Amino acid sequence: MEDHMMDEVLKKAAVLVEALPYIQRFNRKIIVVKYGGSAMADESLKRSVIEDVTLLKLVGFKPIIVHGGGKEISSWVEKSGMEPRFINGLRVTDAPTMEIAEMVLNKVNKSLVQYVEQLGVLAVGVSGKDGGMLKVEKKYADGEDIGFVGNVKEVNPKILYDLLEKDFLPIVAPIGLDDQYQTYNINADDAACAIARAVAAEKLAFLTDIEGVYEDPNDRKTLISELTVSDARKLLLGGYIGGGMLPKLTNCIDAIEHGVSRVHILDGRIAHCLLLEIFTNKGIGTAILGDKEMKFYHE
(Lines give C-alpha, C1' and ligand atoms only; values in the text may rest on other atoms or scores of the structure.)
Protein backbone atom coordinates (compact mmCIF):
# COMPACT_ATOMS: atom_id res chain seq x y z
CA MET A 1 0.00 0.00 0.00
CA GLU A 2 1.31 3.45 -0.93
CA ASP A 3 2.27 5.82 1.88
CA HIS A 4 -0.48 8.38 1.19
CA MET A 5 -3.10 5.62 1.13
CA MET A 6 -1.77 4.23 4.40
CA ASP A 7 -1.98 7.72 5.96
CA GLU A 8 -5.64 7.96 4.93
CA VAL A 9 -6.41 4.55 6.44
CA LEU A 10 -4.64 5.45 9.69
CA LYS A 11 -6.59 8.73 9.91
CA LYS A 12 -9.84 6.81 9.59
CA ALA A 13 -8.71 4.39 12.30
CA ALA A 14 -7.80 7.31 14.58
CA VAL A 15 -11.28 8.79 14.16
CA LEU A 16 -12.89 5.49 15.09
CA VAL A 17 -10.65 5.13 18.17
CA GLU A 18 -11.49 8.72 19.20
CA ALA A 19 -15.19 7.85 19.03
CA LEU A 20 -14.83 4.73 21.23
CA PRO A 21 -15.12 6.34 24.71
CA TYR A 22 -18.21 8.27 23.59
CA ILE A 23 -19.85 5.13 22.23
CA GLN A 24 -19.07 3.34 25.51
CA ARG A 25 -20.37 6.18 27.67
CA PHE A 26 -23.64 6.74 25.82
CA ASN A 27 -24.44 3.16 24.81
CA ARG A 28 -28.14 2.38 25.47
CA LYS A 29 -28.75 5.98 26.52
CA ILE A 30 -31.62 8.07 25.12
CA ILE A 31 -30.72 11.03 22.90
CA VAL A 32 -33.39 13.48 21.73
CA VAL A 33 -32.61 15.29 18.47
CA LYS A 34 -34.62 18.40 17.62
CA TYR A 35 -34.49 18.63 13.84
CA GLY A 36 -35.39 21.87 12.11
CA GLY A 37 -34.11 24.95 10.31
CA SER A 38 -32.21 24.91 7.02
CA ALA A 39 -31.23 21.28 7.48
CA MET A 40 -34.85 20.39 6.70
CA ALA A 41 -34.98 22.40 3.46
CA ASP A 42 -31.82 21.03 1.83
CA GLU A 43 -32.11 17.41 0.65
CA SER A 44 -28.39 16.63 1.04
CA LEU A 45 -28.36 18.06 4.58
CA LYS A 46 -31.55 16.18 5.38
CA ARG A 47 -29.89 12.96 4.32
CA SER A 48 -26.76 13.66 6.39
CA VAL A 49 -28.86 14.31 9.52
CA ILE A 50 -30.79 11.09 9.04
CA GLU A 51 -27.56 9.19 8.39
CA ASP A 52 -26.15 10.58 11.66
CA VAL A 53 -29.19 9.59 13.70
CA THR A 54 -29.32 6.16 12.05
CA LEU A 55 -25.65 5.59 12.85
CA LEU A 56 -26.28 6.56 16.48
CA LYS A 57 -29.03 3.95 16.56
CA LEU A 58 -26.85 1.26 15.00
CA VAL A 59 -23.97 1.78 17.47
CA GLY A 60 -26.25 1.36 20.47
CA PHE A 61 -27.76 4.77 21.24
CA LYS A 62 -31.52 5.24 21.60
CA PRO A 63 -32.35 8.32 19.51
CA ILE A 64 -35.71 10.09 19.32
CA ILE A 65 -36.25 12.71 16.60
CA VAL A 66 -38.57 15.66 17.27
CA HIS A 67 -39.02 17.72 14.11
CA GLY A 68 -40.40 21.07 13.10
CA GLY A 69 -41.73 22.21 9.75
CA GLY A 70 -42.17 25.96 10.06
CA LYS A 71 -40.85 26.97 6.64
CA GLU A 72 -42.95 24.38 4.83
CA ILE A 73 -46.04 25.34 6.87
CA SER A 74 -45.56 28.98 5.84
CA SER A 75 -45.20 27.91 2.22
CA TRP A 76 -48.46 25.95 2.29
CA VAL A 77 -50.29 28.75 4.10
CA GLU A 78 -49.28 31.10 1.28
CA LYS A 79 -50.30 28.53 -1.35
CA SER A 80 -53.73 28.46 0.30
CA GLY A 81 -54.12 32.21 -0.25
CA MET A 82 -53.43 33.22 3.35
CA GLU A 83 -50.56 35.22 4.77
CA PRO A 84 -48.45 33.77 7.60
CA ARG A 85 -48.64 35.95 10.71
CA PHE A 86 -46.29 36.00 13.68
CA ILE A 87 -46.41 37.76 17.05
CA ASN A 88 -43.14 37.83 19.02
CA GLY A 89 -41.79 35.08 16.80
CA LEU A 90 -44.80 32.79 17.37
CA ARG A 91 -47.05 31.75 14.50
CA VAL A 92 -50.64 32.94 14.79
CA THR A 93 -52.53 29.69 14.26
CA ASP A 94 -56.24 30.03 13.49
CA ALA A 95 -58.36 26.97 12.62
CA PRO A 96 -57.46 26.89 8.86
CA THR A 97 -53.76 27.38 9.66
CA MET A 98 -53.91 24.59 12.25
CA GLU A 99 -55.38 22.26 9.66
CA ILE A 100 -52.54 23.11 7.24
CA ALA A 101 -49.89 22.79 9.99
CA GLU A 102 -51.08 19.32 10.96
CA MET A 103 -51.17 18.21 7.32
CA VAL A 104 -47.65 19.50 6.66
CA LEU A 105 -46.16 18.12 9.87
CA ASN A 106 -47.60 14.67 9.16
CA LYS A 107 -46.18 14.86 5.61
CA VAL A 108 -42.74 15.81 6.96
CA ASN A 109 -43.00 13.10 9.61
CA LYS A 110 -43.59 10.29 7.14
CA SER A 111 -40.88 11.56 4.78
CA LEU A 112 -38.38 11.26 7.66
CA VAL A 113 -39.61 7.74 8.40
CA GLN A 114 -39.00 6.92 4.75
CA TYR A 115 -35.42 8.30 4.89
CA VAL A 116 -34.59 6.26 7.99
CA GLU A 117 -36.03 3.04 6.62
CA GLN A 118 -34.05 3.46 3.39
CA LEU A 119 -30.96 3.15 5.60
CA GLY A 120 -32.10 -0.15 7.09
CA VAL A 121 -33.52 0.99 10.45
CA LEU A 122 -37.20 0.67 11.34
CA ALA A 123 -38.83 3.95 12.35
CA VAL A 124 -42.30 4.89 13.53
CA GLY A 125 -43.73 8.37 13.03
CA VAL A 126 -46.14 9.67 15.66
CA SER A 127 -47.54 13.00 16.77
CA GLY A 128 -48.04 14.20 20.32
CA LYS A 129 -51.68 13.13 19.97
CA ASP A 130 -50.72 9.45 19.83
CA GLY A 131 -50.94 7.65 23.14
CA GLY A 132 -51.77 10.96 24.83
CA MET A 133 -48.08 11.84 24.62
CA LEU A 134 -48.30 15.64 24.67
CA LYS A 135 -50.98 17.33 26.78
CA VAL A 136 -51.07 21.07 26.24
CA GLU A 137 -52.65 24.29 27.44
CA LYS A 138 -53.25 27.41 25.37
CA LYS A 139 -50.22 29.61 24.90
CA TYR A 140 -50.28 33.41 24.72
CA ALA A 141 -47.68 35.82 23.31
CA ASP A 142 -47.30 38.56 25.93
CA GLY A 143 -51.02 38.30 26.67
CA GLU A 144 -52.09 38.20 23.01
CA ASP A 145 -54.23 35.37 21.70
CA ILE A 146 -52.32 33.55 18.95
CA GLY A 147 -54.86 30.82 18.33
CA PHE A 148 -54.19 27.11 18.50
CA VAL A 149 -50.64 27.26 19.85
CA GLY A 150 -49.98 25.14 22.91
CA ASN A 151 -47.63 24.99 25.87
CA VAL A 152 -46.73 21.44 26.88
CA LYS A 153 -48.00 20.89 30.41
CA GLU A 154 -47.66 17.11 30.61
CA VAL A 155 -45.81 14.34 28.74
CA ASN A 156 -46.82 10.69 28.77
CA PRO A 157 -43.70 8.95 27.38
CA LYS A 158 -45.15 5.40 27.41
CA ILE A 159 -45.46 5.15 23.62
CA LEU A 160 -41.83 6.31 23.25
CA TYR A 161 -40.55 3.74 25.75
CA ASP A 162 -42.58 1.03 24.03
CA LEU A 163 -41.14 1.91 20.61
CA LEU A 164 -37.57 2.09 21.93
CA GLU A 165 -37.97 -1.25 23.70
CA LYS A 166 -39.11 -2.84 20.43
CA ASP A 167 -36.05 -1.36 18.67
CA PHE A 168 -37.91 1.28 16.62
CA LEU A 169 -36.66 4.83 16.09
CA PRO A 170 -39.48 7.21 17.14
CA ILE A 171 -40.03 10.36 15.05
CA VAL A 172 -42.34 12.88 16.71
CA ALA A 173 -44.40 15.68 15.15
CA PRO A 174 -45.07 18.55 17.63
CA ILE A 175 -48.86 18.45 17.82
CA GLY A 176 -50.79 17.98 21.06
CA LEU A 177 -54.24 17.94 22.63
CA ASP A 178 -55.70 20.05 25.42
CA ASP A 179 -58.09 18.81 28.12
CA GLN A 180 -61.01 19.17 25.68
CA TYR A 181 -59.10 17.18 23.01
CA GLN A 182 -58.64 20.22 20.79
CA THR A 183 -55.61 20.04 18.49
CA TYR A 184 -52.75 22.51 19.09
CA ASN A 185 -49.51 23.26 17.30
CA ILE A 186 -46.42 23.23 19.55
CA ASN A 187 -43.09 24.95 19.05
CA ALA A 188 -40.72 22.10 18.15
CA ASP A 189 -38.00 23.33 20.55
CA ASP A 190 -40.53 23.30 23.41
CA ALA A 191 -41.75 19.82 22.45
CA ALA A 192 -38.21 18.43 22.25
CA CYS A 193 -37.30 19.92 25.61
CA ALA A 194 -40.43 18.53 27.30
CA ILE A 195 -39.88 15.06 25.81
CA ALA A 196 -36.19 15.04 26.79
CA ARG A 197 -37.17 15.91 30.36
CA ALA A 198 -39.85 13.22 30.48
CA VAL A 199 -37.54 10.44 29.31
CA ALA A 200 -34.53 11.75 31.31
CA ALA A 201 -32.50 11.88 28.11
CA GLU A 202 -28.74 11.70 28.36
CA LYS A 203 -28.48 14.28 25.58
CA LEU A 204 -30.72 16.80 23.85
CA ALA A 205 -29.37 18.18 20.57
CA PHE A 206 -30.83 21.24 18.82
CA LEU A 207 -30.01 21.51 15.10
CA THR A 208 -30.13 25.24 14.33
CA ASP A 209 -29.00 27.77 11.73
CA ILE A 210 -26.12 29.09 13.85
CA GLU A 211 -22.83 27.54 14.97
CA GLY A 212 -23.59 27.63 18.70
CA VAL A 213 -23.40 30.11 21.58
CA TYR A 214 -20.93 33.00 21.30
CA GLU A 215 -19.39 35.01 24.13
CA ASP A 216 -19.55 37.93 21.69
CA PRO A 217 -22.27 37.45 19.03
CA ASN A 218 -20.33 39.74 16.67
CA ASP A 219 -17.12 37.68 16.85
CA ARG A 220 -17.27 34.14 15.46
CA LYS A 221 -13.96 33.34 17.18
CA THR A 222 -15.71 33.49 20.56
CA LEU A 223 -17.74 30.30 20.01
CA ILE A 224 -18.08 28.52 23.39
CA SER A 225 -17.49 24.75 23.22
CA GLU A 226 -18.75 23.97 26.73
CA LEU A 227 -20.96 26.09 28.96
CA THR A 228 -22.27 25.44 32.46
CA VAL A 229 -25.80 26.41 33.44
CA SER A 230 -24.41 29.16 35.69
CA ASP A 231 -22.38 30.60 32.83
CA ALA A 232 -25.41 30.39 30.54
CA ARG A 233 -27.47 32.38 33.05
CA LYS A 234 -24.72 35.04 33.21
CA LEU A 235 -24.83 35.37 29.42
CA LEU A 236 -28.61 35.79 29.53
CA LEU A 237 -28.50 38.36 32.35
CA GLY A 238 -25.64 40.21 30.67
CA GLY A 239 -27.72 40.79 27.57
CA TYR A 240 -25.32 38.87 25.33
CA ILE A 241 -28.07 36.58 24.01
CA GLY A 242 -30.88 37.78 21.77
CA GLY A 243 -33.19 36.79 18.95
CA GLY A 244 -34.05 33.13 18.49
CA MET A 245 -31.17 32.02 20.73
CA LEU A 246 -32.84 33.56 23.81
CA PRO A 247 -35.73 31.05 24.12
CA LYS A 248 -33.47 28.22 22.91
CA LEU A 249 -30.88 28.81 25.64
CA THR A 250 -33.68 29.17 28.21
CA ASN A 251 -35.00 25.78 27.05
CA CYS A 252 -31.50 24.31 27.41
CA ILE A 253 -31.19 25.52 31.01
CA ASP A 254 -34.66 24.19 31.82
CA ALA A 255 -33.80 20.77 30.36
CA ILE A 256 -30.54 20.51 32.35
CA GLU A 257 -32.31 21.50 35.58
CA HIS A 258 -34.91 18.78 35.03
CA GLY A 259 -32.65 15.80 34.54
CA VAL A 260 -31.18 15.99 31.02
CA SER A 261 -27.42 15.45 31.33
CA ARG A 262 -26.24 17.53 28.38
CA VAL A 263 -27.72 19.82 25.76
CA HIS A 264 -26.00 20.56 22.45
CA ILE A 265 -26.64 23.51 20.13
CA LEU A 266 -25.36 22.65 16.65
CA ASP A 267 -25.24 24.21 13.21
CA GLY A 268 -27.49 21.94 11.16
CA ARG A 269 -26.12 23.49 7.97
CA ILE A 270 -22.87 21.56 8.52
CA ALA A 271 -23.05 18.04 7.12
CA HIS A 272 -22.80 15.36 9.85
CA CYS A 273 -22.71 17.99 12.63
CA LEU A 274 -24.29 15.52 15.05
CA LEU A 275 -21.50 12.96 14.67
CA LEU A 276 -18.81 15.63 14.82
CA GLU A 277 -20.20 17.00 18.09
CA ILE A 278 -20.88 13.69 19.83
CA PHE A 279 -17.95 11.55 18.66
CA THR A 280 -14.98 13.95 18.56
CA ASN A 281 -12.96 15.37 21.41
CA LYS A 282 -13.47 19.04 20.61
CA GLY A 283 -16.87 19.00 18.92
CA ILE A 284 -18.16 21.78 16.68
CA GLY A 285 -21.08 23.36 18.55
CA THR A 286 -21.86 24.35 22.13
CA ALA A 287 -22.45 21.75 24.84
CA ILE A 288 -24.35 22.93 27.92
CA LEU A 289 -24.03 20.96 31.14
CA GLY A 290 -24.92 21.17 34.80
CA ASP A 291 -22.60 23.00 37.18
CA LYS A 292 -21.53 19.73 38.85
CA GLU A 293 -21.13 17.77 35.62
CA MET A 294 -17.60 16.71 34.69
CA LYS A 295 -16.45 18.16 31.39
CA PHE A 296 -15.96 15.47 28.82
CA TYR A 297 -13.98 17.19 26.10
CA HIS A 298 -10.27 16.44 26.12
CA GLU A 299 -7.78 18.92 24.71
Side-chain angles (χ1 to χ4, degrees), residues 32-37 40-41 64-114 123-163 168-199 204 206 244 247-248 251 254-255:
V32 175
V33 178
K34 187 272 170 171
Y35 177 38
M40 295 195 74
I64 298 169
I65 297 174
V66 180
H67 66 85
K71 291 181 180 179
E72 194 163 346
I73 292 170
S74 292
S75 175
W76 278 95
V77 167
E78 289 174 351
K79 287 178 184 178
S80 301
M82 299 182 286
E83 187 173 337
R85 291 177 54 227
F86 295 85
I87 295 176
N88 297 327
L90 296 170
R91 183 187 302 277
V92 177
T93 308
D94 56 14
T97 302
M98 183 65 244
E99 189 173 351
I100 291 170
E102 186 167 18
M103 176 193 75
V104 171
L105 288 168
N106 281 324
K107 175 178 175 289
V108 170
N109 188 275
K110 297 311 177 187
S111 74
L112 296 178
V113 169
Q114 184 176 349
V124 173
V126 296
S127 82
K129 287 182 172 183
D130 295 307
M133 188 197 317
L134 298 178
K135 184 69 70 69
V136 305
E137 58 189 3
K138 188 176 178 64
K139 184 171 188 169
Y140 293 87
D142 291 337
E144 290 195 58
D145 189 340
I146 52 176
F148 297 104
V149 179
N151 266 327
V152 180
K153 69 172 186 176
E154 186 180 334
V155 179
N156 179 358
K158 183 179 186 305
I159 190 171
L160 297 174
Y161 286 135
D162 287 348
L163 290 171
F168 290 103
L169 196 162
I171 302 177
V172 183
I175 302 168
L177 297 171
D178 69 5
D179 291 338
Q180 285 71 49
Y181 299 94
Q182 170 64 52
T183 301
Y184 280 79
N185 192 20
I186 306 166
N187 176 276
D189 283 2
D190 295 347
C193 185
I195 288 170
R197 287 172 49 179
V199 299
L204 167 60
F206 289 100
K248 200 175 298 289
N251 266 332
D254 181 67

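These numbers were taken from a predicted model, which means no experiment stands behind them.
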N251 meets the side chain to side chain donor-acceptor pair (under 3.5 Å) criterion, sequence neighbours left out, with D190

With sequence neighbours left out, the residues meeting side chain to side chain donor-acceptor pair (under 3.5 Å) with N151 are none

Quick check for you: to the nearest 0.5 Å, what is the distance between [X] atom [atom1] and [Y] atom [atom2]?
| X | Y | atom1 | atom2 | answer |
| --- | --- | --- | --- | --- |
| F148 | D178 | CZ | CG | 9.0 Å |
| I195 | L134 | CD1 | CG | 5.0 Å |
| M82 | S74 | CE | OG | 11.0 Å |
| E83 | T97 | CD | OG1 | 11.0 Å |
| I175 | Y184 | CD1 | OH | 14.0 Å |
| K248 | F206 | NZ | CZ | 6.0 Å |

Residues passing the ring pair (Phe, Tyr, Trp, His ring centres under 6.0 Å) test with Y35, sequence neighbours excluded, are none

Do [X] and [Y] make a side-chain contact, defined as non-hydrogen atoms from C-beta onward lying under 4.5 Å apart?
| X | Y | value |
| --- | --- | --- |
| E72 | M40 | no |
| L105 | P174 | yes |
| D142 | I87 | no |

How far apart are the closest heavy atoms of [X] and [Y], and which atoms are they?
| X | Y | result |
| --- | --- | --- |
| G150 | V136 | CA-CB, 4.2 Å |
| S127 | M133 | O-CE, 3.7 Å |
| A188 | K34 | CB-CE, 3.6 Å |
| G125 | K110 | O-NZ, 2.9 Å |
| A192 | V32 | O-CG1, 4.0 Å |
| N185 | A101 | ND2-CB, 4.3 Å |

Residues pairing under salt bridge (charged side-chain N to carboxylate O under 4.0 Å, His left out) where one sits in residues 88-105, two or more places apart or in two chains, turn out to be E102-K129

Counting only pairs under 3.5 Å, give me each side-chain donor-acceptor contact of residues 154-162, with atom names and distances, residues two or more places apart or in other chains.
residue: N156; atom: OD1; partner: K158; partner atom: N; Å: 3.2
residue: K158; atom: NZ; partner: D162; partner atom: OD2; Å: 2.8

Just jot down the side chain to side chain contact (heavy atoms under 4.5 Å, CB included) partners of [X], sequence neighbours excluded, or say none.
| X | result |
| --- | --- |
| V124 | V126, L163, F168 |
| S75 | K79 |
| V33 | I31, V53, L207, L274 |
| A255 | C193, L204, V260, V263 |

Under the salt bridge (Lys or Arg N to Asp or Glu O under 4.0 Å) test, residues paired with [X] that sit two or more places apart:
| X | result |
| --- | --- |
| D145 | K138 |
| D254 | R197 |
| D179 | K135, K153 |

